[in-house]
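In what follows, a structure is listed as structure tokens, so that the remarks can point back to it.
Just the heavy atoms: all of them, side chains too, but no hydrogens, waters or symmetry mates, feed the values below.
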Amino acid sequence: MSSEAEAGASVWLLGTRPEDTASGLPAPHSARGVVAVELDGAGEPSARREFDASELPGFVRARAGRPTRFAFSDTPLWYPPLLAAGVTIERSRDLRLAHAILAGAQALAGAPEGRALAAAQEWAAPPLTEVEDLRGEALFDVEEFGSERRRARTKQVPHDIDSALAEYRRQERAIAASAQPARLRLLLAAESAGGLVAAEMQAAGVPWDVAEHDRILAEHLGPRPMEGAKPAKMLEVAQEVRAALGDPRANLDSPPRLLQALRNAGINVASTSKWELREHDHSAVEPLLRYKKQARLLAANGWNWLDEWVRDGRYRPVYVPGGVVTGRWAASGGGALQIPRQLRPALRADPGWTLISADVAQLEPRALTAMSGDRAMAEAGRGRDLYSGLVEEGIVGTRQEAKIAVLGAMYGSTTGESGRLVPRLRTSFPAAMALVDSAAEVGRRGGRVSTWLGRTSPEPDERWREAQARGNRFDASPQDENRARRAAGDWGRFTRNFVVQGTAAEWALAWLADLRLRLAQLPATGGEPARASGPVFERRAHLVFFLHDEVIVHAPLEQAEVAAQAIREAAASAGRVMFGQAPVDFPLDLTVAERAAKG
DNA sequence: TGTAAGAGCGCG
DNA sequence: AAAGCGCGCTCTTACA
């Protein structure tokens, strides 16, 4: 990840043959020919190879061991067939992801090279979604493209070599002309590595114990009912609720009707949400909350979910790297970002393997600490729980208060307990608070802010501007002024949080990128692979899950210790690569699962 | 009959 | 207890 290591890497650009594209085929899915162009340090082609698409895995494999960065249009289209052929890539440039970052980057604002890049609108395409039908298929041989379940994205980036070459050059010129070339390079490398990780994790899948999942469902809901019927335990609880309400026909599944039923029973609520219900002391509340929890489990992660998303003991969600404005990943299908903690026991290593999970304690406040260089905040978090640190330093009374205060500072809350506590942080941590306060001020005025590595927030939309203009007119009504102030405040909280959440996401990407390279260097084990027909990296410890500030690695038992060490070292490395010698640590909570699968 | 919007809740 | 930020998914209801 360091720039010194980058210097020696040669760049190979991959694209489809221009004549294939000209024929109107939906490249690269049905392209026959692939062109690989090697670029020298100045971005000029120094070598060119043309071969059948089936030879691409061999071409990539032949470069293993030499530092090579492969650049291509769109990772979800190029990488899965390589993985299916047992080939992995070390470094890449995803031109679509890179374009999205650079086209919006404030660091290039005003530079003609930046304008030239942003003008290449054909590269501004949204991520591909719902790609499950493509899983495991050799993309280059797929003629039929699209099924009823799959929405092809309406706009595709170009895949031919000429377009890729032109875009790569625009990107290089824009980076060189930017105010922060080193940081942008790091960001693009990390973002692209994230694309590789997402494809690899989807190929590997999360080892999932269907029997354990079914046991949890049965415990809470009862045995699996007939299609369309409600599980027995839900029906029982529903009866309890109706009895307590004194309304034998109350409909618990329709919020408006449930609201009416609650009011008829004398429970004076404005909504049926659980935080409001909890406030009321009525015998119907407890079973109703239980019913809601059951309904949620059934709808979101019940037997239908299991049927659709878990196959052959693997859960394969669809990740969308860069899918959130702040740079966090999104998910599309499978609900990877919302697996309830309740179901965590269903994540179960294969026999002879184990699961190592690690999450960063208080990642966002630590990212804020590092980017603001706030020494007092660094001191409060060094080597300990940051929130406890605040208590020990006498800034707040309890850990809970510390958490409320810190979250309030990052989210911009002004009311209640949080609003009361935030001013204390302003005294104790002036640098950190100045950073988020000024980000909020920029947002309130409609400006843009950037993360540490240079991802820039979007501009507010036309409606927002109109609201401000209307609120500022000499004849603005109180409602106009109110609406404008409210919108300005909303956008200020967004930009306040953007710099923190976005920088934290960059740290997490740097961690992932470094970790996958460390794991790739582990020897293949002589024992059983995770699956008989799995990708090549399933013979060693590999990433299977990532969620904002948490990773899960599936490792052969004999590699558990080295894999855990790799996770820790990658975290330390991510901190150094992003923030240099800033005195901020990123401590991990790391757990090696005790139970492996039966058998 | 099909889509959009809102409610509600899971995750960080 | 939420609040204050960012998401996705399912269900119901409203409306074309």
Side-chain angles (χ1 to χ4, degrees), chain A residues 127 129-130 228 230 251-259 269-280 288-289 291-302 304-305 308-309 317-344 359-365 367-368 400-401 403-422 425 436 439-440 443 449 451 455 457-458 486 489-505 507-508 545-551:
Chain A
T129 58
E130 299 193 26
K230 282 217 176 81
N251 180 344
L252 310 187
D253 300 316
S254 163
R257 293 190 209 190
L258 175 57
L259 186 62
V269 285
S271 77
T272 65
S273 61
K274 76 178 173 188
W275 64 267
E276 195 175 354
L277 283 168
R278 261 198 293 250
E279 301 303 306
H280 288 82
L288 178 54
L289 292 177
Y291 180 85
K292 280 167 162 280
K293 195 160 174 62
Q294 289 176 312
R296 168 76 193 187
L297 177 63
L298 175 66
N301 298 99
N304 292 341
W305 181 90
E308 184 172 3
W309 291 101
V318 179
Y319 296 99
V320 186
V324 178
V325 274
T326 57
R328 276 185 172 184
W329 287 12
S332 164
L337 277 56
Q338 44 203 126
I339 298 299
R341 298 227 148 250
Q342 203 177 12
L343 285 180
R344 285 301 178 97
D359 65 273
V360 195
Q362 304 103 31
L363 174 57
E364 291 191 356
L368 170 59
Q400 185 58 20
E401 279 189 337
K403 190 172 176 177
I404 288 167
V406 170
L407 291 179
M410 294 188 305
Y411 294 163
S413 67
T414 53
T415 59
E417 188 179 2
S418 178
R420 183 171 63 76
L421 291 167
V422 169
L425 298 189
V436 286
V449 295
T451 59
R455 194 187 306 262
S457 68
R486 193 190 182 85
D490 287 349
W491 201 256
R493 284 193 300 281
F494 166 63
T495 52
R496 171 192 290 269
N497 188 244
F498 182 95
V499 293
V500 179
Q501 187 182 114
T503 300
W507 184 93
F545 191 69
F546 168 60
L547 181 56
H548 307 321
D549 63 356
E550 172 185 8
V551 296

Just wondering, do [Y] and [X] contact through their side chains at under 4.5 Å, heavy atoms?
| X | Y | answer |
| --- | --- | --- |
| A:Glu417 | A:Glu401 | yes |
| A:Gln501 | A:Val324 | yes |
| A:Val406 | A:Leu368 | no |

Heavy-atom closest contact ([X] atom, [Y] atom, distance):
| X | Y | answer |
| --- | --- | --- |
| A:Ala405 | A:Leu421 | CB-CB, 3.6 Å |
| A:Asn301 | A:Pro340 | OD1-CD, 3.2 Å |
| A:Arg496 | A:Tyr411 | CD-C, 3.9 Å |

Rounded to the nearest 0.5 Å, what separates atom [atom1] in [X] from atom [atom2] in [Y]?
| X | Y | atom1 | atom2 | answer |
| --- | --- | --- | --- | --- |
| A:Tyr319 | A:Leu547 | OH | CG | 8.0 Å |
| A:Leu289 | A:Gln294 | CG | CD | 11.5 Å |
| A:Glu364 | A:Asn497 | CD | CG | 6.0 Å |
| A:Lys403 | A:Gln362 | NZ | CD | 8.5 Å |

ring-ring contact (aromatic ring centres under 6.0 Å, His included) involving A:Phe494 - partner list, sequence neighbours excluded
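For A:Phe494, the residues satisfying ring-ring contact (aromatic ring centres under 6.0 Å, His included) (neighbours in sequence not counted) are A:Trp491, A:Phe498.
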Report which part of the nucleic acid A:Arg496 touches: base, sugar-phosphate, or nothing (heavy-atom distance under 4.0 Å, all strands).
nothing
Please work out whether B:dG6 sits syn or anti, treating a glycosidic angle within 90° of 0 as syn.
anti
The side-chain hydrogen bond (donor to acceptor under 3.5 Å, both in side chains) partners of A:Gln400 (sequence neighbours excluded) come to none
Identify each atom pair where a protein N or O and an N or O of nucleotides 12-16 of chain C are less than 3.5 Å apart, giving names and distance.
from   : atom 1 : to       : atom 2 : distance (Å)
C:dT12 : O3'    : A:Ser254 : OG     : 3.4
C:dT13 : OP1    : A:Ser254 : OG     : 2.3

Across nucleotides 1-10 of chain C, 5' to 3', mark each nucleotide with B, S or - according to how protein heavy atoms within less than 4.0 Å reach it.
SBBBBBSBSS
Stems where DNA chain C pairs, listed by first number, each of three or more Watson-Crick or G-U pairs under 3.5 Å:
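So far as stems of 3 or more pairs are concerned, DNA chain C shows B:1-12 with C:5-16.
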Heavy atoms of chain A, cut-off under 4.0 Å: which first and last nucleotide of DNA chain B, 5' to 3', fall inside that, if you could look?
B:dG8 to B:dG12
Determine yes or no for a side-chain-to-main-chain donor-acceptor pair under 3.5 angstrom, with A:Thr495 supplying the side chain and A:Gly492 the backbone.
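Yes: the side chain of A:Thr495 pairs with the backbone of A:Gly492.
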